[in-house]
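Okay, so here's the structure we're looking at.
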Amino acid sequence: MKKNLERGFSEDSLKNARKFYLTYKDRISETVFNLFAVEKSETVFSLFEEKPPFIVSWSHYLQLMRIENEDERSFYEIESARSGWSVRTLQRQYNSSLYERLALSRDKEAVLQLAKKGNIITKPEDIVKQPTVLEFLGIEEKMKYSETDLETEIINKLQKFLLEMGKGYLFESRQKRFTFNEDSYYVDLVLYNRFLRCYVLIDLKVDKLTHQDIGQMQMYVNYYDRYEKLGDENPTIGILLCKENNDALVEITLPQDANIYASEYKLYLPDKKLLQDKLRQWIEEADIE
């Protein structure tokens with residue numbers, strides 16, 4: 001031990017090395033240092049048919065080793081590599097319970113894929129989180145604010161907002177105006193998702209969601225599908241970011257094939273243990289092994 005310390009290995013470094021071995025021993029071989037040499041190489045992501053080697057930095061693994069759940073840890077490792085997250089971004093995504101929020105928005109098969117492939121965007125449901133966390137806006141939960149205030153803060157912190165929304169988002173416009181039958185309408189935020197190849201319209205609601213809000217979004221989506229989207233693009237998605245969601249109201253108001261989703265937003269980081277318990281209960285009820 002003394003010899004190791006004299007050569008530059010601190011006690012903490014040795015403890016971390018031991019913890020790394022115990023955490024990833026199924027992946028460690030004689031070529032472990034060679035595996036680290038391919039860090040961030042695109043070749044390690046070849047469809048993830050086999051478990052990837054070590055694909056992020058040692059600083060990332062110091063954070064990842066703190067995650068006890070193996071599936072959750074694997075998800076954050078894959079997403080860190082694929083999305084190029086910094087260590088700070090990894091910490092923020094973990095603290096915001098990204099894994100639990102995505103899992104609670106998916107069906108049984110999709111939950112199983114999160115740990116193996118990360119968040120793969122293939123259908124509209126893949127871009128919806130429950131809830132959407134906007135703690136970076138710096139708006140106090142008890143403060144009275146308008147939809148315009150919320151929109152302004154989102155635009156001021158647009159990069160962080162797009163990161164929270166997910167992968168592949170491009171910003172087009174705020175308060176996008178369109179005219180129909182001589183009446184003018186305004187969409188709060190117009191985004192485009194390059195993975196889904198479609199417009200994503202966002203309407204902000206600082207109060208409880210109503211059926212009028214849902215109907216208005218349906219009209220926005222219909223307009224974009226008929227007059228804005230190109231022939232080779234996919235149907236428009238509508239997302240209602242509301243302070244208080246009502247899933248039953250959304251279900252009864254919209255047809256089953258509607259491309260409209262509602263997500264509560266939170267101005268503070270969610271209780272991670274509460275979400276973990278909720279996910280555990282959901283998995284048990286869904287009989288996911």
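Note that these values count all heavy atoms, side chains included, but never hydrogens, waters or copies made by symmetry. Here the structure is a predicted model, which is why all the values come from computation and not from measurement.
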Quick note, ring pair (Phe, Tyr, Trp, His ring centres under 6.0 Å) partners involving residues 123-166, not counting sequence neighbours, are none

Using 0.5 Å steps for rounding, measure from the CG atom of L114 to the NZ atom of K116. 11.5 Å

Hydrophobic clusters here meaning ILVMFWY residues chained together by side-chain heavy-atom distances under 4.5 Å, can you tell me if L191 and Y224 are in one? no

So, taking the atom named OG1 in T253 and the one named CG in L209, what distance separates them when rounded to the nearest 0.5 Å? 8.0 Å

Do any side-chain atoms of residues 15-23 form donor-acceptor pairs under 3.5 angstrom with protein atoms, and if so which ones, sequence neighbours left out?
residue : atom : partner : partner atom : Å
N16     : ND2  : D12     : O            : 3.3
T23     : OG1  : K19     : O            : 2.7

Report yes if the side chains of V56 and L64 come closer than 4.5 Å at any heavy-atom pair, otherwise no. yes

Can you list the steps and then say if Y24 with Y61 is a side chain to side chain contact (heavy atoms under 4.5 Å, CB included)? CA-CA 10 Å; Y24 296 104; Y61 283 110; 3.5 Å; yes

Looking at side-chain heavy atoms only, is the closest gap between P255 and Q218 below 4.5 Å? yes

Distance-only polar pair, side chains of S146 and D149, donor-acceptor under 3.5 Å: yes

Test: K157 and E153 ion pair at under 4.0 Å: yes

Grouping I, L, V, M, F, W and Y whenever their side-chain heavy atoms are under 4.5 Å apart, do Y169 and V187 come out in a common cluster? no

Just how far is it from atom CG of L201 to atom OH of Y220, taken to the nearest 0.5 Å? 9.5 Å

Is it true that I260 and V128 fall in one hydrophobic cluster, defined by side-chain heavy atoms closer than 4.5 Å? no

Once rounded to the nearest 0.5 Å, what's the spacing between atom CD1 of I78 and atom NZ of K117? 10.0 Å

E164 side chain to V133 main-chain N or O, any donor-acceptor pair under 3.5 Å? yes

Heavy-atom donor-acceptor pair, S105 side chain to Q130 backbone, under 3.5 Å: yes

Non-hydrogen atoms of A262 and V250 that approach each other most closely: CB-CG2, 4.0 Å

Apply the test side chain to side chain contact (heavy atoms under 4.5 Å, CB included) to residues R82 and I120: give CA-CA distance (whole Å), side-chain angles for both, the deciding distance (0.1 Å), then the verdict. CA-CA 11 Å; R82 182 185 286 122; I120 303 298; 3.8 Å; yes

Under a 3.5 Å threshold, yes or no: a donor from one side chain and an acceptor from the other, between E233 and Y192? yes

Mind checking whether S263 and L241 have side chains closer than 4.5 Å, heavy atoms only? yes

Indicate yes or no for a side-chain donor-acceptor contact from T152 to the backbone of T148 under 3.5 Å, with no hydrogens or angles considered. yes

Shared hydrophobic cluster for I237 and M217 (ILVMFWY, side-chain gaps under 4.5 Å): no

Donor-acceptor contact present, side-chain N234 to main-chain L196, <3.5 Å: yes

So, taking the atom named OG1 in T210 and the one named CG in L249, what distance separates them when rounded to the nearest 0.5 Å? 7.5 Å

With the threshold set at 4.0 Å, does a side-chain nitrogen-carboxylate oxygen contact exist between D126 and R106? yes

Salt bridge (charged side-chain N to carboxylate O under 4.0 Å, His left out) pairs, two or more places apart, involving residues 171-198: E151-R174, E172-K176, R197-D232

Pairs satisfying salt bridge (charged side-chain N to carboxylate O under 4.0 Å, His left out), at least one member in residues 199-225, at least two apart: D203-K205, K205-D213

Check whether any side-chain N or O of S96 sits under 3.5 Å from a backbone N or O of Q93 as a donor-acceptor pair, and report yes or no. yes

With E100 as partner, the option from K278, K273, K272 fulfilling salt bridge (charged side-chain N to carboxylate O under 4.0 Å, His left out) is K272

Is any side-chain heavy atom of F75 closer than 4.5 Å to one of D71? no

Correct closest heavy-atom pair for I55 and A81 would be CD1-CB, 3.6 Å

Using only atom types and a distance under 3.5 Å, with no angle test, would you say the side chain of H60 pairs donor to acceptor with the backbone of W85? yes

Would the distance check show the side chain of Y76 and the main-chain N or O of Y99 forming a donor-acceptor pair, the cut-off being under 3.5 Å? yes

Looking at K167, is its backbone amide N or carbonyl O close enough to the side chain of N193 to form a donor-acceptor pair, meaning the two atoms are under 3.5 Å apart? yes

Within a reach of under 6.0 Å around NZ of K160, are more than 12 heavy atoms found that belong to other residues, nucleotides or ligands? no

Does any part of the side chain of Y223, heavy atoms only, come nearer than 4.5 Å to the side chain of Y185, both counted from C-beta? no

More than 12 non-hydrogen atoms from neighbouring residues, nucleotides or ligands closer than 6.0 Å to CD on Q212, yes or no? yes

Looking only at atom types and distance, does a side-chain atom of E264 sit under 3.5 Å from a main-chain N or O of N245, one as donor and one as acceptor? yes

Using a distance-only test with no angle check, is there a side-chain donor-acceptor pair under 3.5 angstrom linking E72 and Y94? no

A side-chain contact here means heavy atoms from C-beta on lying under 4.5 Å apart; do I121 and I127 qualify? yes

Between CD on residue E147 and CG on residue L204, distance to nearest 0.5 Å: 7.0 Å

Any pair with a residue in residues 238-251 that passes salt bridge (charged side-chain N to carboxylate O under 4.0 Å, His left out), sequence neighbours left out, goes on the list, sorted by first then second residue, please. none

I202 and M165, any side-chain heavy atoms less than 4.5 Å apart: yes

Tell me, with the steps shown, if L98 and K129 meet side chain to side chain contact (heavy atoms under 4.5 Å, CB included). CA-CA 8 Å; L98 176 63; K129 300 172 184 173; 3.6 Å; yes

Side chain to side chain contact (heavy atoms under 4.5 Å, CB included) for L163 and R92? Distances and angles first, verdict last. CA-CA 11 Å; L163 178 63; R92 189 265 167 185; 5.5 Å; no

When you group the ILVMFWY residues by side-chain heavy-atom contacts below 4.5 Å and let the links chain together, are F171 and Y265 in the same group? yes

Taken in chain and number order and not counting sequence neighbours, the residues that satisfy side-chain hydrogen bond (donor to acceptor under 3.5 Å, both in side chains) with R280 are D277

